[in-house]
**Q** 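Have a look at this one before I ask anything.
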Amino acid sequence: MGRYDFEKIEKKWQKYWADHNTFDVHENQSKNKYYCLDMFPYPSSAGLHVGHPEGYTATDIVARYRRMRYNENVLHPIGFDAFGLPAENYAIKINRNPKEITQENIDNFTKQLKSLGFSYDWSRIVNTSDPSYYKWTQWMFRELYQKGLAYKKKAPVNWCESCKTVLAREQVVDGKCERCKNEVIQKELSQWFFKITDYADELLANLDKLDWPEPIKEIQRNWIGRSEGVLIKFKISPSATSLASGKLLADNSKLPNESQFLNSNDQVYLEIFTTRPDTLFGATFMVIAPEHKLINKMGEAINNKQEIDEYIREASKKNELERTDLNKEKTGVELNGLEAINPVNNKKIPIFIADYVMMNYGTGAIMAVPAHDKRDFEFAKKYKLPIIEVVRQITEQTNNNQNIIPKQIPNYEFQIPSSTYSCFSDEGISINSGEFNGLITQEFKEKIIRWLEGEKIGQKAVNYKLRDWLVSRQRYWGAPIPIIYCEKCGEILVPEKDLPIKLPNDVDFRPTGESPLTRSKKFHAVKCPRCGATHGVRREPDTMDTFVCSSWYFLRYVDPHNYKKPFSRKKVKYWLPVDLYVGGAEHAVLHLMYARFFIKVLRDAGYLDFDEPFAKLRNQGMILAEDGRKMSKSLGNVINPDDIIALYGADTFRLYEMFMGPLEDAKPWSTKSIIGIRRFLEKIWKLQTKCNKQLTKNKDSSLERLLHKTIKKITEDIEAMKFNTAISQMMILANKMEKQERVSIIDYQLLITILSPFAPHIAEEIWSKLGNKNSIAQENWPVYNQNLIEEREIELAIQINGKVRDKITVQTDIAEDGAIQKALESVKIKNWLTGKDPKKVIYIKGKLISFVV
RNA sequence: GCCCGGGUGGUGGAAUUGGUAGACACGCAGGACUUAAAAUCCUGUGACUUCGGUCAUGCGGGUUCGAUUCCCGCCCCGGGCACCA
């Protein structure tokens, strides 16, 4: 038999799989497909982290299992998300080219991944930094541009001082750069955006039909942040000074924010968005954001322009983090000379400018209802503004749970001293609202919306927190944006035939704040595709966010060598959508949102006919260091998978990571515990000595029962991705087999077969030693026999008042009477009953008998 | 502040349409083998105990014959969102 020489065995079988192309797949219409996908790694210089193989092993088990159980055509690919900052920063540090470094890292990752025995189709590898790939990333940009979904706009954007580039909103975490953790500041810059907001509704609605972890769906829901409300126009009128309306109407230029401020028939309106139109009677003032255009428009009518300008200046100095700091005291200034008119009661109310109202949400203006909004309440308290209660909590309820109206509804204007009132922002029943008194919030909303629409001063509206995706970056190591600027023709999309636009090599790619590509002579030596001019023509020097590359890579896997198209329609139709996708939860609003957006765009452009890329998603939990903290270089607690594999072997490593705990949980690493897995594999190995080739059936029927029970449990556990309990069940079986004098070859082979997706190398080796010529990966998954699982005898617990006092062994098919009779015969039970008859007897078949005394 | 997860032996974890808490593994203790050690194997291992039992699934209540599981009120940890009108 020899010793369990994992090093030799693992090398041997890795070579065998490679030589035989065991896991290469091709479209085969007669077979069902299964697309089993890992989030492709970023090939960092640090090499593979122990967290990578956790998810990769999980998908590999599923891939191997599905080939065996369902004979499916399993697409299980891998590739590299190779553009991005770390390689570039490292390249700058050691003064080399990121391309070379990336290639070295990819080579190293490939070696490491191969050493783990994953059943990837290595012929389909993709590398996003290769021109043959990013040609199609640029093609994707073209598609978006042509559909009006890619646009350049000057806007306040997030800027990382350390990385010297702009970032997407999703890449700013707690006001800091997601990559380098440095402070992010706001800058007004002209940048490229993808119009993901066009798909906000579908991105939200489709979540319900996805088999994804609930927390991820919830994060996306919150991020999209849909809220239904009403746009309401408030008349603006001059208070002390007269309003020169002629002047106001003179300027009709269409600035993006212009719509918030409407004028018609000489009347100036301020439009606000609210989700609570039922509190309209409680609106005692208005607030506009410092950036609101009303200030410029109404400049003439405002008496304290200087004071206002000073406030705007102060507000503009603050970054977004300071602006949105909740602990900060609210500040604001009243616009003297202007008043708004509350449309429901024609009351004149003051208008304030305050930086707690944001220009980038809704209309940048609000009606303030201090009695029912915490922020407005704080502001009203500080500036001694009236607080009118218009919603009361419903306290009384009838028996059938229907709301009833409080007996007394005050119907007078009721100003509350702020010191005795605490803000109530829930729904309830309305008071102080004229004819609407007594309505509950929902009824009120419906009624008032009808009224507002009838008066043509309001309309239903939906708002989102989701913003368009900022995709341009002022960095070198990314896909160039396929745009040319011609002095004569303006902004021109690069034609498909001119793709890829390759990254030039003659560049000092150190970040300066200006795109490094600006400095390449070669890069800008280009003709205008429209007029043919060579002078006054330059390329867009920005590159694309790496998340653009990763938004479609799973489509490229189905057709990785196609040089005419990003993918063939037919192949995509066969393989997509992805059936199982496994990766970290950190991409909840990044990659997972962007990829969904891309699929919808491509679908609408007619390239695809499905709506969602990833039917089923699972997140692997983080593997923590032994001390329970995150593994990090600075803490010196990082475990290198290479070391573990060298010491224990890849099979042990795979099995250990699956045995640690549930896939989705965060789990601390324990090098000490690995030995248990190694012992288990040694045990399996040594069972060869007990294996009897003549013995085709086991004498021990309890072993047979356990074997079939184990097949059943492993099958169910893999389906549910509960790998930790699957392994413990195999351990139970191996422990029992070890205690046998002899084990039949049939039983032993069954154990090896169900072990093979988890520990493929040792399984192949034993399988071949038992005389099999094929790869175990091509074997059929065993079927358990339900009849063989049934136990003849079972143990029943006997409880007195819910406490277990004895256990009895009975025939499985024992009748209730017989079981109770037998229980009453127990000496222990007799003692507990002390001669009395039980008041009640509860019998749970196959489980227990409970006596109540 | 709001929204999700979660809290079980010395450790990782198992068991929830309410039904024997602690599977499996690590560690630890004792034993066998060995001149010795490693490896391996065997036995024990939640706590307390007057050896009858008692107490134990973050804390305090409740429902139930019976609660880790359901309900109410807290505490702690992790994650997400955060002036979103």
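Heavy-atom basis, side chains included; hydrogens, waters and symmetry copies ignored. We name chains A, B, ... by the order of the sequence lines, and we start the count at 1 in each one.
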**Q** Taking only the side-chain heavy atoms of A/Asn735 (C-beta and beyond), determine which of B/rG80, B/rA25, B/rU20 contains the nearest atom.
**A** B/rA25
**Q** Enumerate the protein-to-nucleotides 40-50 of chain B contacts in which both atoms are nitrogen or oxygen and the separation is below 3.5 Å.
**A**
| residue | atom | partner | partner atom | Å |
| --- | --- | --- | --- | --- |
| B/rU40 | OP1 | A/Arg679 | NE | 3.4 |

**Q** Can you tell me which stems involve RNA chain B, if a stem is defined as three or more consecutive Watson-Crick or G-U wobble pairs, both distances under 3.5 Å?
**A**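 Detected stem regions: B:1-7 with B:75-81, B:10-12 with B:24-26, B:27-32 with B:40-45, B:46-48 with B:53-55, B:58-62 with B:70-74.
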**Q** Kindly say whether A/Ala588 contributes a backbone atom to a donor-acceptor pair with the side chain of A/Gln220 at under 3.5 angstrom?
**A**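 At least one qualifying donor-acceptor pair exists.
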**Q** Would B/rG58 be called syn or anti here, given the cut-off of 90° from 0?
**A** anti
**Q** Tell me whether the count of non-hydrogen atoms from other residues, nucleotides or ligands lying under 6.0 Å of CE in A/Met358 goes above 12.
**A**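 More than 12 heavy atoms, drawn from other residues, nucleotides or ligands, come within 6.0 Å of this atom.
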**Q** With a non-hydrogen cut-off below 4.0 angstrom, is A/Ile844 in contact with a base, only sugar-phosphate, or nothing?
**A** base
**Q** A/Pro662 side chain: which of B/rC3, B/rA14, B/rG27 is closest?
**A**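 Given the options B/rC3, B/rA14, B/rG27, the side chain of A/Pro662 is closest to B/rA14.
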**Q** In whole Å, measure the gap between the C1' atoms of B/rA15 and B/rA23 for me.
**A** 8 Å
**Q** Heavy atoms under 4.0 Å, any strand shown: does A/Lys722 hit a base, just sugar-phosphate, or nothing?
**A** sugar-phosphate
**Q** For the side chain of A/Ala797, starting at C-beta, report the closest nucleotide among B/rC83, B/rG13, B/rU20.
**A**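 Of B/rC83, B/rG13, B/rU20, B/rU20 is nearest to the side chain of A/Ala797.
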**Q** Which nucleotide in the set B/rG19, B/rC26, B/rC83 lies at the smallest distance from any side-chain heavy atom of A/Lys330?
**A**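 Comparing B/rG19, B/rC26, B/rC83 against the side chain of A/Lys330, the answer is B/rC83.
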**Q** Name the nucleic acid region contacted by A/Glu795, choosing base, sugar-phosphate or nothing; use a 4.0 angstrom heavy-atom cut-off, strictly under.
**A** base
**Q** What nucleotide, of B/rC65, B/rG12, B/rA85, holds the atom closest to the side chain of A/Met358?
**A**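 Nearest to the side chain of A/Met358 among the choices is B/rA85.
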**Q** Toward the 5' end of RNA chain B, which comes first, A/Glu218 or A/Tyr356, by nearest nucleotide?
**A**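 Between the two, 5'-proximity favours A/Glu218.
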**Q** Any idea which of B/rG13, B/rG19, B/rC55 is nearest the A/Lys803 side chain?
**A**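 Nucleotide nearest to A/Lys803's side chain: B/rC55.
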**Q** If you count the non-hydrogen atoms of other residues, nucleotides and ligands that lie under 6.0 Å from NZ in A/Lys690, is the total more than 12?
**A** yes
**Q** Ignoring hydrogens and angles, does a donor from either the side chain of A/Gln799 or the base of B/rG19 sit under 3.5 Å from an acceptor on the other?
**A**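 It does, because a donor-acceptor pair links the side chain of A/Gln799 to the base of B/rG19 below 3.5 Å.
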**Q** Whole angstrom is fine here: how far is it from CD1 in A/Ile798 over to C1' in B/rC65?
**A**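 Checked: the CD1 to C1' distance equals 15 Å.
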**Q** Return yes if the base of B/rC26 and the side-chain atoms of A/Ser673 contain a donor-acceptor N/O pair under 3.5 Å, otherwise no.
**A**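 Between B/rC26 and A/Ser673, which were checked side chain against base, a qualifying N/O pair under 3.5 Å is absent.
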